[in-house]
Amino acid sequence: MGAAGTDVVRALAHQPDGKLVAAGYTDAISGNDFAVARYDSAGVLDPSFGTGGRVTTDFGGGTDLGFAVALQPDGKILVAGRSLSGLGKLSFVVARYETNGSLDASFGTGGRVTTSFGSGSVDRGSAVAIQPDGMILVAGDTNRDGTTDFAVARYASNGTPDAGFGGGGVAVIGLGAGSIDFASSVAVQPDGRILVGGTSNVFSSNDFAVVRLLAAGTPDPGFGSGGITTKDFLVGSDDIGSALVLQSDGKIVMGGTTGDLGGQNGDFALARWNANGTPDTSFGGGTAAARTSFGGGSWDEAYGLALSGGKLLLAGFTTVGGNRDFALARFSTAGILDTTFGAGGTGRVTSPFGGASEETASAISISPWGRPVAAGSTTQNGTSDFALARYDAPCVPNISVSAPTAVCPSSQASASVADAGPGATYAWTAGNAFIVSGQGTRSVRFTAGASGAVSLAVTVQNGTCASNGGVSVPIDAVSCQSALSYYTLNPCRVFDTRPPGGTSLVAGSSRVFTVAGVCGVPADAKAVTANATVLYPTATGNLRFYANGAPTPSASVNAYTPGTTRANILQLSLGTNGEIRLDTVQPSGTADAILDVSGYFK
């Protein structure tokens, strides 16, 4: 974040537009300060955020460590952690930033909130979540009387403590007599109940631990045992819970590290519980747990956990040749290593940053287009820097189909495909139904756009109707390439038929022109965004732009009548040798066309 020193990412989140917000801490003259950086989807610092993409925040001259980040629906950014004041008092702290990186003056005092759990308490914030009603939760731990317990604070959207939560806005939960409990994660269920995950130490043995709280901040007696559930991987093993995710089916997954008896090896570890807090024995071959080692006597620790297309992705580090490297492992929904991930079907990936550097991935986030990004720190010659790494992954689309309650045989159905990435191709297959769309085919292929999402409305005739009148129309993924990143360009003309420099289009003509390597579009670009304009047509017709070598599309991109000018913004895949083909569909006469590119995917 500045001069040589310590800069560490502890949390990462993707904005809906693909930009990344990384939060952690950096060295300052009087101690550490919160540090936040924002990157564009290509990993370049965003100059519209803070100063050159960076923001630091001091809470009063002490040591301030950011550990968690959450993005509000309005785009504001919450960063939570802990602050050690000049008087030696350690407290929960939260800062809220506007979308441009400035502190939000409407939150707390000048954009900052500090919370203590008692006059002599030691309080460490580690996680943050936003409730659907806008309330803000910060979880961590507190030591008020020599015992360390889970601790949660809840705030109104303006940063004031919520008096209806716990005692005066804070709740403290001890997991057992004499236990030492550290919370590292927090999540909110759709019904408003709160999950807090971390580690509980009883008799010198650490176990994964999850507590569920009712909306008012008291333990939920319907979860686990008195609101608490734990997981011990082996009797006496050292199990540290670091991250928590909630599956769409209500099951709860915690990721972290398990150490063998005697502390000789550390492995990536997962545990899963049913919605009521009982172990999910359908996970991990009946054990409700899974683990993996990166081999060769390595010591492996996991800190970040994310759901990616229903699969579970852990991020942390592994020791390789005496150095730490970023490490990722992916598991199926059944808790089995995913052999489609990583080289050689191992389900694991390591990422050295070069030389004798030491790297630790502390967080992981999935882009809107399905690509995982891990973040943490890289250290060399005593200097630590923010570090991010992005990975390709087979995209697993999240497909949903909905239909109204109209009566067959004439019903409207619509479907959406998300998390697929630009260029992913799908087939909408009607089974014994008939789809009326375009040419009225039974199987319609369509391609996801820049956002990775696509919607298609069709009419289903003679379909199989459920009792409520719905229509069963499955969607199958046909091909799914790795998600792409988008890069903007200053508009540049790659094609112009107007005389005297060009030749006007005539009825039934086709042109092929090269885009890759022109106007700043790199040779390895996969697709472009462009503005296509038709000018001076002398007859009714349309133009069709498409990737050279691809099947001729049935739909036009520019329909026109004589004497009109028509423009249309397109996303065009590049075909053979980075080329685009243009077909002129008009019965007679001439027309002219221009194409200006404004960005590309690669």
Side-chain angles (χ1 to χ4, degrees), residues 117 126-142 147-155 162-202 206-233 239 241-256 270-284 286-290 305 307 310 312 333-335:
F117 284 71
S126 299
V128 64
I130 302 168
Q131 296 185 174
D133 61 2
M135 290 282 190
I136 299 161
L137 294 163
V138 177
D141 49 78
T142 182
T147 300
T148 302
D149 298 320
F150 277 18
V152 185
R154 189 163 72 187
Y155 310 91
D162 175 18
F165 182 80
V170 298
V172 178
I173 310 97
L175 276 65
S179 65
I180 301 173
D181 311 314
F182 304 92
S184 57
S185 49
V186 63
V188 183
Q189 293 186 171
D191 62 5
R193 299 183 189 191
I194 300 161
L195 295 166
V196 184
T199 306
S200 182
N201 184 299
V202 181
N206 288 317
D207 296 333
F208 281 19
V210 179
V211 171
R212 189 164 74 187
L213 303 178
L214 300 174
T218 57
D220 178 5
F223 182 81
S225 176
I228 301 166
T229 189
T230 60
K231 176 60 180 178
D232 185 8
F233 283 72
D239 311 317
S242 299
L244 187 74
V245 296
L246 181 65
Q247 295 185 175
S248 59
D249 60 4
K251 293 184 178 183
I252 302 152
V253 185
M254 172 163 280
L270 290 169
R272 190 164 76 186
W273 295 270
N274 295 311
N276 64 359
T278 58
D280 176 15
T281 54
S282 70
F283 187 77
T287 65
L305 174 64
L307 279 167
L312 296 157
T333 55

Practice item. Report yes if some heavy atom in the side chain of Ile173 is under 4.5 Å from a heavy atom in the side chain of Val196; otherwise report no. Key: no
Sequence neighbours excluded, the answer for side-chain hydrogen bond (donor to acceptor under 3.5 Å, both in side chains) partners of Asp149 is none
Smallest heavy-atom separation, Gly255 atom then Leu270 atom, equals CA-CD2, 3.8 Å
Separation between OG (Ser185) and CG (Leu305), nearest 0.5 Å, reads 9.0 Å
Residue set satisfying ring pair (Phe, Tyr, Trp, His ring centres under 6.0 Å) with Phe182, at least two apart, ordered chain then number -> none
Sorted by chain and residue number, the ring pair (Phe, Tyr, Trp, His ring centres under 6.0 Å) partners of Phe233 (sequence neighbours excluded) come out as Phe208
Residues pairing under salt bridge (Lys or Arg N to Asp or Glu O under 4.0 Å) where one sits in residues 167-184, two or more places apart or in two chains, turn out to be none
CG of Asp249 to CG of Asn274, rounded to nearest 0.5 Å, is 9.0 Å
side-chain hydrogen bond (donor to acceptor under 3.5 Å, both in side chains) filter on Thr287, not counting sequence neighbours, yields none
With sequence neighbours left out, the residues meeting salt bridge (Lys or Arg N to Asp or Glu O under 4.0 Å) with Asp141 are Arg124
Contacts of Ser126 meeting side-chain hydrogen bond (donor to acceptor under 3.5 Å, both in side chains) (sequence neighbours excluded), chain-then-number -> Arg82
Heavy-atom closest pair (Phe165 atom, Ala215 atom, distance to 0.1 Å) is CD1-O, 3.6 Å
Applied to residues 185-196, the salt bridge (Lys or Arg N to Asp or Glu O under 4.0 Å) test, sequence neighbours excluded, yields Asp191-Arg193, Arg193-Asp220
Sequence neighbours excluded, the answer for side-chain contact (heavy atoms from CB on, under 4.5 Å) partners of Pro279 is Ala288
Q) Hey, does the side chain of Thr229 reach the backbone of Phe223 with a donor-acceptor pair shorter than 3.5 angstrom? A) no
Nearest heavy-atom approach of Gly241 to Ser184 is O-OG, 2.9 Å
Between Met254 and the options Leu195, Thr199, Leu244, the side chain to side chain contact (heavy atoms under 4.5 Å, CB included) test singles out Leu244
Taking every heavy atom of Ala129 against every heavy atom of Val188, the minimum-distance pair comes out as CB-CG2, 4.3 Å
Asp162 meets the salt bridge (Lys or Arg N to Asp or Glu O under 4.0 Å) criterion, sequence neighbours left out, with Arg154
In short, Ala151 meets Thr142 closest at the heavy-atom pair CB-CG2, 3.7 Å
Checklist line | Asp239 and Lys231: CA distance, side-chain angles, deciding distance, side-chain contact (heavy atoms from CB on, under 4.5 Å) verdict | finding: CA-CA 8 Å; Asp239 311 317; Lys231 176 60 180 178; over 6 Å; no
Contacts satisfying salt bridge (Lys or Arg N to Asp or Glu O under 4.0 Å) that involve residues 271-281 (not counting sequence neighbours) are Lys251-Asp280, Arg272-Asp280
Residues passing the side-chain hydrogen bond (donor to acceptor under 3.5 Å, both in side chains) test with Thr230, sequence neighbours excluded, are none
The reported gap from CZ in Phe283 to CG in Leu312 (rounded to nearest 0.5 angstrom) is 5.5 Å
Between Ala171 and Gly217 the two heavy atoms that sit nearest each other are CB-O, 3.6 Å
So CG of Asp207 and CG of Asp232: to nearest 0.5 Å the spacing works out to 4.0 Å
Here the gap from Tyr155 atom OH to Leu137 atom CG, rounded to the nearest 0.5 Å, amounts to 9.5 Å
The reported gap from OG1 in Thr218 to CD1 in Ile194 (rounded to nearest 0.5 angstrom) is 9.5 Å
